[in-house]
Amino acid sequence: TGSNLALLRARNRVRSSERVIRSTRFGSWPPAEVLHQRSAFRNELDSAILREGADVRRIWNVGSLDDLNRLREMLGRYEGHANHSIRTYFTLPYHALPELLVVDRHGASMSFPSMRTPRGLDWTVRFKRVDLMLVVRDYFDVLWDRAEKILDSGELTATGRQRLHEFEQQTRGSSASTSPSVRQE
């Protein structure tokens with residue numbers, strides 16, 4: 001997380017009119033969990049989107065109601081900001097994909113999920129060589145093309161709104177059916 005925070009802060013070395021940030025959010029971070037570096041990363045992303053007008057593209061993996069609630073919070077914060085778009089995958093296994101961060105014209109990183117701790121990241125690889133950075137950016141773009149549009153240039157899409165609602169209903173329904181207090185006949 002510290003390495004990704006440093007890379008995100010390095011966006012200031014790129015002219016503001018050329019700042020493009022690509023970021024994934026595949027980790028599952030409960031709302032009660034507060035990590036200084038994660039909070040600082042979110043603050044830097046807020047600054048890039050809300051104050052600098054950087055072009056920010058994010059991919060989320062939504063796998064729980066906590067993830068859904070956090071995404072809705074972000075949608076409320078960023079709706080109306082044409083420089084920000086979010087696409088989503090629903091219920092990919094946490095370890096299926098690395099967290100990616102690409103700051104165009106500066107660098108990229110891939111952080112790999114831990115197999116030892118449920119929400120940890122074991123290691124990160126940072127790229128400054130242009131050819132390797134472009135490989136990570138291309139990988140992000142492939143994931144981007146396949147993900148579902150939720151927030152498109154600051155506008156919540158109709159299909160995105162529907163998918164979020166469907167996921168909520170499905171998740172609430174499956175948690176109710178597995179709850180010990182629900183009697184099954």
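Keep in mind it's a predicted model, so treat the numbers as computed, not measured. Counting begins at 1 with the first residue of the sequence. Quick note: numbers below take in every heavy atom, side chains included, and nothing from hydrogens, waters or symmetry partners.
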Calculate, to the nearest 0.5 Å, the distance between atoms [atom1] and [atom2] belonging to [X] and [Y] respectively.
X	Y	atom1	atom2	value
Leu101	Arg126	CG	CZ	8.5 Å
Ile59	Leu143	CD1	CG	5.0 Å
Asn69	Leu65	CG	CG	6.5 Å
Asn4	Ser111	CG	OG	4.0 Å
Phe140	Arg58	CZ	CZ	9.5 Å
Arg105	Arg15	CZ	CZ	7.5 Å

Could you tell me which non-hydrogen atom of [X] sits nearest to which non-hydrogen atom of [Y], and how far apart they are?
X	Y	result
Thr24	Pro98	OG1-O, 3.7 Å
Asn61	Thr91	OD1-N, 3.5 Å
Ser85	Ser153	OG-N, 2.9 Å
Ala48	Arg11	CB-NE, 3.5 Å
Leu156	Glu79	CB-OE2, 3.6 Å
Ala108	Val102	CB-CG2, 4.1 Å

Side chains of [X] and [Y]: closer than 4.5 Å at any heavy-atom pair?
X	Y	answer
Arg9	Leu5	yes
Met110	Thr124	no
Arg87	Ile150	no
Leu151	Thr157	no
Trp60	Ile86	yes
Ile49	Asn83	yes
Asn12	Arg19	yes

Exercise for the section: Kindly determine whether Arg42 and Gln37 satisfy side chain to side chain contact (heavy atoms under 4.5 Å, CB included), including the steps that lead there. Expected result: CA-CA 9 Å; Arg42 284 191 292 268; Gln37 290 179 328; over 6 Å; no
Practice task
Evaluate the ring planes of Phe167 and Phe90, with Trp represented by its six-membered ring, and classify them as parallel (under 30°), tilted (30 to 60°) or perpendicular (over 60°).
Solution key: tilted
Handout entry: Plane angle bin for Tyr78 and His81 - parallel if under 30°, tilted between 30 and 60°, otherwise perpendicular
Key = perpendicular
Single-linkage hydrophobic cluster [X]~[Y], side-chain heavy atoms < 4.5 angstrom:
X	Y	result
Val125	Tyr139	yes
Val20	Phe41	no
Phe127	Leu100	yes
Val136	Leu132	yes
Leu75	Leu50	yes

Handout entry: With sequence neighbours excluded, residues passing side-chain hydrogen bond (donor to acceptor under 3.5 Å, both in side chains) with Asp55
Key = Arg57
Exercise for the section: Output every pair passing salt bridge (Lys or Arg N to Asp or Glu O under 4.0 Å) with a member in residues 148-157, not counting sequence neighbours, ordered by first then second residue. Expected result: Glu148-Arg163
Completion exercise
Residue set satisfying side chain to side chain contact (heavy atoms under 4.5 Å, CB included) with Arg51, at least two apart, ordered chain then number -> Ser47
Practice task
Indicate yes or no: does Glu166 engage Arg172 in a salt bridge with an N to O separation below 4.0 Å.
Solution key: no
Practice task
Flag the pair Arg22 and Asp104 as a salt bridge only when some basic side-chain nitrogen lies within less than 4.0 angstrom of an acidic carboxylate oxygen.
Solution key: yes
Handout entry: Donor-acceptor contact present, side-chain Ser16 to main-chain Glu52, <3.5 Å
Key = no
